[in-house]
Amino acid sequence: MTTDTIKHKAYLFDATRCIDCRACMVACSVENNIPMDKTRIWVAGIGVKGEYPNLERATMVAHCMHCEHPDCMSACPVGAYSKAADGPVSYNADVCIGCRYCMNACAFGVPHFDYDKGLVDGAFIDKCTMCPQRIYNGQEPACVATCPTDALEYGEREELLKKAHERIAAHTDRYIDHVYGEFEKGGTSYLILSHVPFKELGLPEMTEQPINETTETIMEGTIPFAVGWAAVLTAVAGVSRVINKKKETATAKKEAAPHTEAKQ
Amino acid sequence: MKLNLQLDEKLRRFPIPITPAMWVMIAFIVAGVISALVRFAFGIGAISDLSYAYPWGFWISFDLYCGVALGAGAFTIVAAVEIFDLKEFRPLVRPSVLTGFLGYVMVVIALLVDLGQPLRIWHMMVYQNHTSILFEVGICVMLYTTVLAIEFSPVILEGLKQNKIAHTIHKYSFPFVILGVVLSTLHQSSLGSMLIIEPYKLHPLWWTPILPVLFFVSAINVGLGMIIVESTLSANAFGQGLETHLLKKLALVDVFVLLTYLVIRFTQLALAGHLHLLFTSGSMSLLFWSEILVGSIIPIALFSQEKIRENPKTLFIGAIFVVGGLMFGRFNVSWLAITHSDPLTYVPSFMSNVDYFPTLPEVAVSFGIVAAGVLAFNLAAKYLPLFEHSEHA
Ligand code: SF4
Ligand code: SF4
């Protein structure tokens, strides 16, 4: 699937606009009833860099990228994740077995787990939902609605991409000429503009190939492989027996010493 | 097939003896059970160092990755005897199948501690996600444990003097043999496929789309090594005659398996254009070369010498290198070579700790499970006709 066929909602985050106020974190936690010691958004300043007067600072706001090819969804053994046609990747706690494979699979380290919950409370995964309770009622997600500098925006992915490229073109001195998430591993629904290398924001460099393509190809081949392999093994077993029978009769005829196996 | 008819005599002579070694085992088990209880009451974080950045740690590396690989002795020897019809190896089948079965039960118990929702383990069977490699591994491990139980059941039935039923099961066991080997092939290799979804976390010296092939070949390698180790240990412990004439053949086969492994591994690195990483990745290069040296080069050097294969002691040492080297390799690929970005910029990490090192209770859980397994094997060896007398010419 090419990325131009992606027609649904997305976020745009502009790292040059973010002032590290963390209002989005608070808004998200209030909107979604997140306990004080947990969060679905991570706001991480990478500090001040450079020599005076050429100082530079940047902040990354990270939450689920709502990938076009979600690895969490592909990896979960019980199918606890699903991707809606209009964007959100959501998680279903009712089927989750707590294996934490999704946390390994997600290249952005988004899903997180209740390490502090025992059997009685039940330990689950949590992650950003794209606020379905708001977006399906004509509102923006809570983080976007709160952001005082419009560092976070929400809208149709295509329009946001256009906007992002226009912004880069208008300020070539300010931005790195790349919209992170446009093509990364097949595209994400969280697009990022930055003035510092994306690596410094904690975003891995990626190819356009979806990560889960390889594993899903392997899974598709599993049943045919198993059937073929079973047939091969049965055939080998049959042939080995016939050969050994022949050898045994031969040795019995010759009345030689106990035979030695040379068969592979 | 002759039965070990000394059962009743033995029962009378040893009414569950508790040796000092057993006390140590029991101590390990108690420590493990206490740790597990704390974990079930207060959560995984209460006893482990696992975090958002390292969701999988010692339990997955040791219990799942090493445990399943070390259980490969069972399918290797079953395939040799039942599929390649190498009858002479039959005396090794029963002990290997039992070790395999106990090994898999141990894996499952460890996973029940590691899972966030252990009571939902059956969800894997109901809510199947057919794109998930972990789903395949889970189903294969469950089915294969059942197959091993079926393959081993004649021994228990013979122990209970139900020879007729035992014989019937044995007679119709061929489909289970095929099923067992197929399931083993699938999940041994899929443990490798499971890591393919982490191309940006696993170091390129380890990450490759052919991880499943490497995992399968190295599973056969360690299967052979484990048979040598187990046979030597149980010969010492239970006064069984050591079948060195059989084991030395396995060691020779292992040389070829190991060479195949090395060829695949280095060809892959060359084709991927990663050869320069062999010397330029700092500690990762060091890990890689240690793994290759201990797990492949030393065993090849040892096992390719007739002198060493003939001597039970040196044969055993070689097999220890095979097993140790493989465990080292599995730890690398499932833990040590999984790197996260620099702690300062790895964004979600400021909520948690990015370095991971297993805590004592974590290790205690794993060791407790191993101790229970060893104890179970001991009891089985005492009371069941585990060691057939080799009378097959
Ligand atoms: S960012 Fe991670 S959790 Fe979110 S959809 Fe992508 S893979 Fe899943
Ligand atoms: S932890 Fe839950 S949601 Fe994540 S992969 Fe496992 S079962 Fe699926």
Side-chain angles (χ1 to χ4, degrees), chain A residues 39 42 44 46 60 62 71 74-80 95-101 103-105 107 109-110 112-120 122-124 199-202 204 206 211-212 214-216 218-219 222 225-226 229-230 233-234 236-237 240-241 243-244 258-259 261 263-264, chain B residues 39-46 50-53 55-56 79 82-88 115-121 123-124 127-136 138 174 178-179 181-182 185-186 193-194 196-201 209 212 340-341 344-351 393:
Chain A
T39 181
W42 289 272
I46 61 168
M60 171 69 190
D71 302 300
S74 178
C76 174
V78 293
V95 297
C96 171
I97 58 173
C99 66
R100 308 191 292 290
Y101 189 37
M103 299 169 72
N104 286 281
V110 166
H112 51 283
F113 178 75
D114 296 329
Y115 284 110
D116 54 349
K117 296 272 164 54
L119 274 193
V120 179
F124 298 97
K199 224 177 149 74
E200 289 179 23
L201 296 180
M206 290 181 174
I211 298 177
N212 56 10
T214 323
T215 46
E216 296 197 355
I218 291 178
M219 281 306 287
T222 298
F225 169 80
W229 188 224
L233 290 171
T234 316
V236 171
S240 310
R241 286 200 163 73
I243 293 178
N244 277 350
H259 72 276
E261 302 281 344
K263 167 91 195 58
Q264 272 297 315
Chain B
R39 172 257 171 276
F40 286 130
F42 304 110
I44 294 177
L50 295 174
S51 60
Y52 295 166
W56 283 358
E82 304 284 351
I83 291 181
F84 292 104
D85 203 28
L86 307 174
K87 297 195 193 75
E88 49 175 340
L115 275 190
Q117 309 279 350
L119 301 178
R120 291 182 177 179
I121 181 98
H123 278 201
M124 276 226 201
Y127 304 101
Q128 309 176 352
N129 178 13
H130 293 192
T131 60
S132 165
I133 307 264
L134 183 60
F135 158 72
E136 187 205 325
F174 188 72
I178 297 287
L179 184 64
V181 176
V182 170
T185 312
L186 288 183
S193 319
M194 258 165 70
I196 296 179
I197 203 123
E198 302 182 50
Y200 302 110
K201 298 183 178 180
H340 296 279
S341 316
L344 282 177
T345 56
Y346 181 77
V347 180
S349 69
F350 81 95
M351 294 290 295

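If you're wondering where the values come from, they're calculated on a predicted model, not measured in any experiment.
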Note to self: Which atoms of L186(B) are under 4.5 Å from chain A, going by heavy atoms: the side chain, the backbone, both sets, or neither?
What the structure shows: side chain
Checklist line | Residue selection (most heavy-atom pairs with chain B, distance under 4.5 Å) from F124(A), Y101(A), W229(A) | finding: Y101(A)
Margin query: Less than 4.5 Å to any heavy atom of chain B: does that hold for the side chain of F225(A), its backbone, both, or neither?
Written below: side chain
Margin query: To the closest 0.5 Å, what do you measure between CG (L115(B)) and CD1 (I97(A))?
Written below: 5.0 Å
Notebook entry, point to check: What residues, two or more places apart in sequence or in another chain, satisfy salt bridge (Lys or Arg N to Asp or Glu O under 4.0 Å) together with E136(B)?
Noted result: none
Notebook entry, point to check: Using a cut-off of under 4.5 Å for heavy-atom pairs, which of K117(A), M103(A), M219(A) has the most such pairs with chain B?
Noted result: M219(A)
Check: Where the side chain of D85(B) meets the backbone of N244(A), is there a donor-acceptor pair that is under 3.5 Å apart?
Finding: no
Checklist line | Choice from F42(B), Y127(B), F174(B), F135(B) maximising heavy atom contacts with chain A below 4.5 Å | finding: Y127(B)
Next item on the list: Sequence neighbours left out, what passes side chain to side chain contact (heavy atoms under 4.5 Å, CB included) with E216(A)? Give chain and number order.
Entry: S74(A), N212(A), T131(B)
Notebook entry, point to check: Do the side chain of R120(B) and the main chain of P118(B) share a donor and acceptor less than 3.5 angstrom apart?
Noted result: no
Item checked: Proximal component of L233(A), with respect to chain B [non-hydrogen, under 4.5 Å] -> both
Checklist line | Closest-packed option against chain B by number of heavy-atom pairs under 4.5 Å, given D114(A), T222(A), T214(A), V120(A) | finding: T222(A)
Next item on the list: Just give me the residue among R39(B), E82(B), H123(B) that pairs up with chain A most often, heavy atom to heavy atom, under 4.5 Å.
Entry: H123(B)
Next item on the list: Would you name the heavy atoms of P212(B) and I196(B) that are closest together and state the gap between them?
Entry: CD-CD1, 3.9 Å
